[in-house]
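In what follows, chains are A, B, ... by sequence order, proteins preceding strands, each numbered from 1. Computed over heavy atoms, backbone and side chain alike; hydrogens, waters and symmetry mates excluded.
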Amino acid sequence: GNSVTQMEGPVTLSEEAFLTINCTYTATGYPSLFWYVQYPGEGLQLLLKATKADDKGSNKGFEATYRKETTSFHLEKGSVQVSDSAVYFCALSEYTNAGKSTFGDGTTLTVKP
Amino acid sequence: EPEVTQTPSHQVTQMGQEVILRCVPISNHLYFYWYRQILGQKVEFLVSFYNNEISEKSEIFDDQFSVERPDGSNFTLKIRSTKLEDSAMYFCASSGTGSSYNSPLHFGNGTRLTVT
């Protein structure tokens, strides 16, 4: 079956540091890949997505590139802010799964001033 | 921006009782979902719903669970006889013109269910 493996957290960084959160996946077909963010007390929000190999998703300074050869979709940001503190989830969805998305465990990021 | 709304935000119930969790998806969305997140664990798929029927369900979604779209706006999850292990945050989600394959999920803020 499908699975998503994320870098274990929690991750603590200072403001303006570089962020990488690793994500690798296992899928039987050709999935779409997503990063969702969850702020305290809220639901998950889409951060960015990529639907085919070599696509780069980007939003709010975050980027991730769909790497089919390494089955990865690592999240990066060049300079984090305190407001980026949240839980980040990598997820995949396959056409054949009729709408089911598979999520990673989530990585908690804390950015200190 | 349109959003998915869930009520209540927190529900406490006794073991064996029935609960109904309510959701209003985004109005022009076609696909509806329930996910749950047990504290400190990953987000798990429960069920997807399209064209007034279940399109897929997980092994978690056993006979104790049911979903319904009773009118044009609400989407409900019923747990018939709650167990302690049903305690979790339940998220409703919807997606637009396609399934979540390439149309991202829009989540509500969740209902925290506590079974005592």
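- For B:Glu44, the CD atom is densely surrounded, since the number of other residues' heavy atoms within 6.0 Å is greater than 12.
- Using a 4.0 Å cut-off between charged side-chain N and carboxylate O, A:Glu63 and A:Lys56 make a salt bridge.
- Using the six-membered ring where Trp is involved, A:Phe73 and A:Tyr66 have ring planes that are perpendicular, over 60° apart on the 30 and 60° scheme.
- One side chain, A:Gln6 or A:Thr107, offers a donor N or O that lies under 3.5 Å from an acceptor on the other.
- The contact between A:Gln38 and chain B is made entirely by side chain atoms (from C-beta outward), counting heavy-atom distances below 4.5 Å.
- Neither the backbone nor the side chain of A:Val87 comes within contact range of chain B; no heavy atoms are under 4.5 Å apart.
- Between chain B and the residues A:Leu46, A:Val4, A:Asp105, A:Thr108, the largest count of heavy-atom pairs under 4.5 Å involves A:Asp105.
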